[in-house]
Protein chains: 2
Amino acid sequence: MVTMGDVARLAGVSKMTVSNVVNNRDGVSDLVRQRVLDAIERSGYRVNLSARTLRSGRTGVIGLAVPEIDLPYFSHLAELVIGAARRRGYHVTLERTGAVAAGEAGALAHSRLLQFDGLILSAVALDGLDERLTDAGHPIVMLGEQDFGGRFDHVAMPNEDGVRAATLHLADQGCRRIGIVTGAPRDGVNVITRRYHGYLAALAERGLAADPPLLLPLNDMTMEAGRAAAHRLADAGHEVDGLVAVTDTVATGVLRGLADRGLRVPGDVRLVGFDDVPQSRFLVPSLSSVAPDHRWMAEKAVELLVERIRAPHRPTGAYVAPFELVVRESTR
Amino acid sequence: MVTMGDVARLAGVSKMTVSNVVNNRDGVSDLVRQRVLDAIERSGYRVNLSARTLRSGRTGVIGLAVPEIDLPYFSHLAELVIGAARRRGYHVTLERTGAVAAGEAGALAHSRLLQFDGLILSAVALDGLDERLTDAGHPIVMLGEQDFGGRFDHVAMPNEDGVRAATLHLADQGCRRIGIVTGAPRDGVNVITRRYHGYLAALAERGLAADPPLLLPLNDMTMEAGRAAAHRLADAGHEVDGLVAVTDTVATGVLRGLADRGLRVPGDVRLVGFDDVPQSRFLVPSLSSVAPDHRWMAEKAVELLVERIRAPHRPTGAYVAPFELVVRESTR
DNA sequence: TTGTATGCGTTATCAG
DNA sequence: CTGATAACGCATACAA
């Protein structure tokens, strides 16, 4: 391995001068700088990041932990976070938590172990009371889901308002029997309860009833689960003319499940999703969806993390992403 | 930061003994070991990976560079690679190349810079002749696309055979005017030319003509591009009863584009994709697709990389993934 | 079974 | 403007 020492000898200067050139510091004459650059070129020298990290205490890497990488919503978000981080001089390591508390706690431990400068955690299982989060001092930004009671910087989805807007939209399109396909209710303030509350709020506003059979809980938020829920709904024969799906992924499954049972969208049932993932506009019928500003979220999360890395003791902030309701064929 | 020295002082032993305990080496009495473990517990000590890396020369991290993270095919593959690597004790860092040669070369440089133990590169732009790949010595496995003339370990997609099977299937379903929606032809042996050859081979086998208007080249492999191609095809009024799309992502767009023009799948046109991404079975109509064994590919790539890390001078190997043709509604 | 000395490649400090 | 020296935290070799 070529070291700074080798380059220094080759250029006839000290290691320190090489270091100064490599790090683009000034205080090096143009002549010497050029000699050093030549020596680097000739020798094929590369800085050793481990040594630099050992010395400087920072790695320039931030972690991004998401439940699943192959859910379109998260891969899309990851793409945006990577871009935002890169613009600020950071590299991003993606980690998968599997949407379980152990995985999320593990991502945090791992982030510290590998000495990432900070972690953006898209937590869906841990909540603000979890003791595994007590281990402070590591810069963390929470992204998107749970409520953490102000313990962390937090960029949230417009869960309640988004679903409320979606439900109101269905009502305004004439739907009177509106169901919701969402996760199994859990205690605490989380994405499921928030979205459910948004649904209830909208129904109340329009004077519609929340009929229990129209609440379709899922064990996991997959296309398969959405499809199965649509089958259950159709087979039970309940009257329904509008459906809110908790995510576009679930909505994709619901769309398929309704087609399996010969129900037409939007003819028989209108359907609206949440996330506005890229493929939603290409589905047949194209899917109406609550579209949080993902780019804004990614930028905000990275910005918050970078600030916290710089100033670990700033007070935390909580932000909710703006959104718009994108109306497409599935509700027209 | 708590260091080994701190733990040693707390436990009343030397740093070396702490190191031995941390690395599970024997030669430490149970009594002392327990005292050290207690001290670690109390102090909240964590090993410093950078320091360890500096000494040992390995990071335990491998890079995975893919064109885009938010294309379902790649996110799905990434998920599988992460799992395969984890089972072998490696962590995976995802990198995005943007499907351009500079990005792919950059990923390689970056992998060396950050001292990943190795890199799995899903290259679509670089080819075996590119000088930026001359920089040897870093363990690399090429995944999925280009031809590298035996310079690297290589796990390839069944490009030619897969498209051939898809095209034969269309012919066997009675299609006589079969088109292909694929990338713009480029020189050299690459995924585009290979898949195109598979298409031509199948047509020849069935005695069908390759009609130039039925070759629909795309500038990029997106849903949007697929949709636009379908529009072009429909608007030109060429007779067509079967279409091979170069990826499921493109096929999703084609499906949508045909729907825009009132063409029914499979009634008017049968359509088959390539990759069998998770959402393909949920589309309406569900999409027939060439399904390479992605899990096999991920396992093979990681296995090859780990072997190369261990034995840098082994001869390289090239493997082609097995596949099956999954027949769904779009061709029935 | 445990401790001491040394060095990995880099950067901070301070002297020249 | 440039260089000498001393760390950073850990692990290897060897001594006790």
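Naming convention: chains lettered A, B, ... in sequence-line order (proteins, then strands); numbering from 1 in each chain. None of these values were measured; they are calculated from a predicted model.
Remark: B:Arg295 pairs with no residue by the salt bridge (charged side-chain N to carboxylate O under 4.0 Å, His left out) rule, at least two apart or across chains. Taking the side chain to side chain donor-acceptor pair (under 3.5 Å) definition, one finds that B:Asp70 meets it with nothing, sequence neighbours left out. Contacts of B:Arg42 classified as salt bridge (charged side-chain N to carboxylate O under 4.0 Å, His left out), with partners at least two apart in sequence or in another chain: none. Evaluation of the side chain to side chain contact (heavy atoms under 4.5 Å, CB included) rule for A:Arg55 yields no partner, not counting sequence neighbours. Taking the ring-ring contact (aromatic ring centres under 6.0 Å, His included) definition, one finds that A:His294 meets it with A:Tyr73, A:His76, sequence neighbours left out. By the salt bridge (charged side-chain N to carboxylate O under 4.0 Å, His left out) test, A:Arg25 is found to be paired with no residue, residues two or more places apart in sequence or in another chain being considered. Residues that satisfy the side chain to side chain contact (heavy atoms under 4.5 Å, CB included) test with B:Ala298, not counting sequence neighbours, are B:Leu80, B:Val81. Here A:Arg96 pairs with A:Glu68, B:Glu79 under the side chain to side chain donor-acceptor pair (under 3.5 Å) rule; sequence neighbours left out.
Spacing between atom CG of B:Asn48 and atom P of C:dG9 amounts to 16 Å, rounded to whole angstrom units. To the nearest angstrom, C1' of C:dA12 lies 13 Å from CG of A:Leu54.
Within 4.0 Å (heavy atoms only), B:Thr17 reaches sugar-phosphate atoms of the nucleic acid but no base atom. If you check every strand for non-hydrogen atoms under 4.0 Å, B:Val28 touches sugar and phosphate atoms only. Within the 4.0 angstrom heavy-atom criterion, no nucleotide atom of any strand lies near A:Asn20.
One finds a side-chain N or O of A:Ser19 lying less than 4.0 angstrom from the OP1 or OP2 phosphate oxygen of C:dT11. Dashed line: the shortest gap from a side-chain N or O of B:Arg25 to OP1 or OP2 of C:dT1 is not under 4.0 Å.
We find that B:Glu303 and B:Arg87 are not joined by a salt bridge, their nearest charged nitrogen and carboxylate oxygen being 4.0 Å or further apart.
Judged by closest nucleotide on DNA chain C, B:Gly12 is the one of B:Ala51 and B:Gly12 placed further toward the 5' end.
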Review item, nucleotides 5-7 of chain C N/O atoms under 3.5 Å of protein N/O:
| residue | atom | partner | partner atom | Å |
| --- | --- | --- | --- | --- |
| C:dG7 | N2 | B:Arg55 | NE | 3.1 |
| C:dG7 | N2 | B:Arg55 | NH1 | 3.2 |
| C:dG7 | N3 | B:Arg55 | NH1 | 3.4 |

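Contact check of residues 29-45 of chain A against DNA chain C (heavy atom, cut-off under 4.0 Å) returns A:Tyr45.
Between its two ends, the helix from C:dT1-D:dA16 to C:dG16-D:dC1 turns its axis by 40°, counting five pairs per end and rounding to 10 degrees.
Taking a heavy-atom distance under 4.0 Å as the criterion, the stretch of DNA chain D touched by chain A extends 5' to 3' from D:dC1 to D:dG9.
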